[in-house]
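As the structure lists them, so they are numbered: ligands from 1, and atoms in each ligand from 1.
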Amino acid sequence: MAEPFYITTPIYYVNDVPHIGHAYTSLACDAFARFQRLDGKDVRLLTGTDEHGQKVEKAAHDRGEDPQAYTDRVSGRFRHLADAMGFAHDDFIRTTEPRHKDAVQALWRRLVERGEIYLGKYAGWYAVRDEAFYAEDEIQDGRAIASGAPVAWVEEPSYFFRLSAWGGRLLAFYETNPSFVGPESRFNEVRRFVEGGLNDLSVSRTTFGWGVHVPDDPDHVVYVWLDALTNYISALGYPDEGGLYARFWPADVHVVGKDILRFHAVYWPAFLMAAGLEPPKRVFAHGWWTNEGRKISKSLGNVIDPFALVAEFGLDPTRYFLLREVPFGNDGDYSRDAMVRRTNSDLANDYGNLAQRSLSMIAKNLGGAVPEPGPFTEGDDALLARAADLPDEVRRHMAVQAPHLALEAIWAVIADANRYVDAQAPWKLRKTDPARMATVLYVLAETVRNLAILTQPFMPGGSAKLLDQLAVPDDARGFDRLGAAGRLKPGTPLPAPRGVFPRFVEAPAGEGA
Ligand code: MSP
């Protein structure tokens with residue numbers, strides 16, 4: 001049976017309109033999931049919406065809506081985003097679903113039974129925007145230093161989780177799981193935070209009601225982060241520890257933004273260990289996008305709308321740009337110039353032209369069928385070997401959430417292939433040595449086949465079109481067909497070639513919009 005692979009996106013606060021940040025996390029997860037699927041794993045990709053808490057309740061009240069009606073209405077925006085970006089998730093969880101609420105209450109009961117939760121009183125700072133508690137030394141001038149969110153003083157009865165008792169065991173866990181957090185620099189931040197000493201964590205609230213009720217004490221609702229994190233197991237059917245849970249837990253990787261790493265790398269493994277459950281295998285934190293050098297914010301009015309990006313540039317270029325432009329894990333800047341450059345130079349010129357040149361020469365000169373190659377030269381073998389070695393390199397990068405390096409490696413072979421075309425000049429061979437021309441075009445078609453199989457996780461649309469044009473059947477597009485295992489069969493008729501990565505041309509001023 002195929003090896004399981006479980007990957008998750010964060011669940012998104014429904015009160016926000018989907019923006020580039022949401023699209024980015026999910027897109028990366030989608031590419032990782034598609035990659036593992038093509039590599040033969042039994043993949044489960046989970047996404048969803050985070051619908052409880054003070055922030056969402058306030059958003060509903062501000063609009064005069066009942067929170068349930070409000071969340072039912074706006075949660076759909078994130079499904080639309082998933083559709084627009086071509087995300088192939090296996091499950092979409094909403095924290096207002098009964099299956100999730102039951103799981104949260106079950107986890108709570110288990111923590112109580114194990115003596116990990118006690119009743120006390122919270123007095124301290126809280127930022128509704130972050131849904132987070134902050135210590136005195138984490139705030140300045142009424143705001144959380146880390147996020148800039150305004151904080152308010154809160155005093156209320158509260159249940160506490162004995163987080164203070166878990167510091168040593170968390171550090172030991174990090175020690176024995178050196179790849180638990182990526183990138184490494186972020187892991188160091190996590191370690192330092194835990195080494196600084198942990199306070200018990202307030203895990204219930206009483207001053208509002210929009211949440212999962214604490215079992216046997218309905219005046220309290222479960223703290224929204226304990227509620228939200230549980231989605232990763234509630235979607236696997238927890239508290240039933242058979243079925244999906246047995247197959248897919250612990251998760252292979254939770255992909256999150258750097259702002260929510262602490263919840264995933266400190267609180268979540270502590271909750272799980274305290275409940276006697278296994279922590280996830282890895283948490284990867286990506287950076288934040290800015291827009292033309294400026295922080296993205298609603299008040300600045302410079303939010304990047306992923307729907308608009310896809311509408312203007314197309315889905316493949318948008319996906320390619322986001323995954324290629326910025327090393328995954330670093331902060332990055334969106335610029336329209338860079339988006340245009342990536343679309344035109346990387347996709348249209350480098351990749352698109354390589355395929356288009358090769359396929360149209362085959363159509364024009366070789367009757368539109370896969371050429372019959374003669375003996376391969378050293379140069380032919382070298383290019384075929386480059387393409388055949390590529391999967392291992394790409395696999396290595398994808399295993400550590402480095403899609404930018406995976407794409408860089410793929411583009412290095414694209415560059416080699418373009419150099420090969422220029423050096424072999426098959427258009428000249430047409431008259432002088434047609435048999436050699438057929439060999440060269442075979443090598444090129446075979447290289448494009450390998451490339452198109454490997455680019456499927458990143459640009460599913462264009463890659464599929466290329467594979468269609470090479471008459472590669474649907475069931476021969478997995479990574480097991482890379483290299484010699486799936487070589488094109490000479491004589492196979494090919495459909496008429498069409499360009500798949502068009503150049504982006506700026507609409508003339510005054511038109512469009
Ligand atoms: N609901 C919580 C997550 C709970 S997971 C159990 C949450 N939601 S969120 O909607 O506010 O953020 C979701 C993700 O979007 C986070 O990973 C966050 O880092 C990411 N981004 C929000 N703005 C971003 C950018 N400007 N750039 C990149 N990602 C950003 O937090």
Side-chain angles (χ1 to χ4, degrees), residues 7-29 46-57 59 71 74-75 77-78 81-82 85 92-96 100 103-104 107 127-132 144 146-149 186 211-212 222-235 251 253-269 271-272 280 283-300 302-306 309 321-323 325-334 401:
I7 176 168
T8 66
T9 78
I11 49 172
Y12 302 106
Y13 287 128
V14 274
N15 59 300
D16 216 347
V17 175
H19 58 66
I20 196 78
H22 310 119
Y24 186 51
T25 320
S26 287
L27 166 59
C29 289
L46 174 69
T47 190
T49 42
D50 191 350
E51 307 192 358
H52 289 134
Q54 212 172 347
K55 173 155 76 173
V56 172
E57 187 188 69
T71 53
V74 293
S75 143
R77 295 168 181 169
F78 286 92
L81 176 70
M85 298 287 299
F92 187 107
I93 189 147
R94 300 181 53 192
T95 56
T96 48
H100 175 75
V104 173
L107 183 63
V128 175
R129 198 170 90 193
D130 300 341
E131 296 283 18
S147 66
R186 300 249 170 245
V212 178
V222 176
Y223 173 40
V224 67
W225 269 101
L226 174 52
D227 168 347
L229 287 161
T230 305
N231 91 89
Y232 301 130
I233 56 174
S234 62
V253 60
H254 296 313
V255 179
V256 301
K258 62 179 184 180
D259 53 315
I260 57 172
L261 178 60
R262 185 186 293 183
F263 299 97
H264 285 82
V266 180
Y267 302 163
W268 181 225
F271 294 151
L272 287 166
V283 179
F284 188 91
H286 65 69
W288 272 48
W289 285 88
T290 49
N291 187 356
E292 311 278 355
R294 303 179 72 188
K295 186 177 172 347
I296 295 175
S297 85
K298 269 192 241 169
S299 49
L300 286 174
N302 66 347
V303 174
I304 300 171
D305 173 5
L309 220 52
F321 171 83
L322 292 173
L323 294 175
E325 181 68 9
V326 175
F328 200 59
N330 292 7
D331 289 337
D333 186 42
Y334 171 82
Q401 292 78 39

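- When only non-hydrogen protein atoms are considered, atom 31 (O) of ligand 1 lies nearest to Ile260 CG2, 3.6 Å.
- In this structure, the protein non-hydrogen atom closest to atom 3 (C) of ligand 1 is Ile11 O, 3.2 Å.
- Of all atoms in ligand 1, listed by their number and element, those nearer than 4.0 Å to a heavy atom of Asp50 are 1 (N), 2 (C), 4 (C).
- Checked against the 6.0 Å centroid threshold, Tyr334 and Phe321 count as a close aromatic pair.
- For ligand 1, the atoms lying closer than 4.0 Å to a non-hydrogen atom of Ala228 are 6 (C).
- Less than 4.0 angstrom separates some heavy atom of His286 from each of these atoms of ligand 1: 28 (C), 29 (N).
- A donor-acceptor pair under 3.5 Å is absent between the side-chain atoms of Asn15 and the main chain of Ala59, judged by distance alone.
- For atom 10 (O) of ligand 1, the nearest non-hydrogen atom from the set Tyr24, Phe263, Tyr13 belongs to Tyr13.
- Proximity of a side-chain donor or acceptor of Asp331 to a complementary backbone N or O of Trp288 within less than 3.5 Å is detected.
- Under a 4.0 Å N-O distance rule, the pair Glu131/Lys55 does not qualify as a salt bridge.
- Between His264 and Tyr232, the two ring planes are tilted [angle within 30° to 60°].
- The shortest contact between atom 21 (N) of ligand 1 and any protein heavy atom is with Gly21 CA, 3.8 Å.
- A donor and an acceptor atom, one from each side chain of Ser147 and Asp130, are located under 3.5 Å apart.
- Annotation: ring-ring contact (aromatic ring centres under 6.0 Å, His included) contacts of His100 (sequence neighbours excluded): none.
- Note on ligand 1: Lys295 sits outside its first shell, no heavy atom being nearer than 4.0 Å.
- Ligand 1 has Asp259 within reach: a non-hydrogen atom of the residue lies less than 4.0 Å from it.
- Nearest protein neighbour of atom 6 (C) of ligand 1, counting heavy atoms only, is Tyr232 OH, 3.6 Å.
- Residue contacts with ligand 1: Asn231 is placed with no nitrogen or oxygen under 3.5 Å of a nitrogen or oxygen of the ligand (distance criterion only).
- Residue His19 places a heavy atom less than 4.0 Å from ligand 1.
- Backbone and side-chain nitrogen or oxygen atoms of Gly257 are examined, and one is located within less than 3.5 angstrom of a nitrogen or oxygen of ligand 1.
- Close contacts of ligand 1 with Gly287, meaning ligand atoms under 4.0 Å from a residue heavy atom, involve 28 (C).
- Listed by chain and residue number, Ala23, Leu81, Met85 satisfy the side chain to side chain contact (heavy atoms under 4.5 Å, CB included) test with Pro306 (two or more places apart in sequence, or in another chain).
- Protein heavy atom nearest atom 13 (C) of ligand 1, with residue, atom name and distance: Tyr12 CD2, 3.4 Å.
- Within ligand 1, counting atoms from 1 as listed, the ones closer than 4.0 Å to a heavy atom of His264 are 5 (S), 6 (C).
- You'll find the side chain of Thr71 stays beyond 4.5 Å of the side chain of Thr49, heavy atoms only.
- Using bins of under 30°, 30° to 60° and over 60° for the plane-to-plane angle, the ring pair Phe263/Tyr267 lands in the perpendicular bin.
- In summary, the atoms of ligand 1 found under 4.0 Å from a heavy atom of Trp289, numbered by their order in the structure, are 25 (C), 26 (N), 27 (N), 28 (C).
- The aromatic rings of Trp268 and His254 lie tilted to each other, with the angle between the two planes from 30° to 60°.
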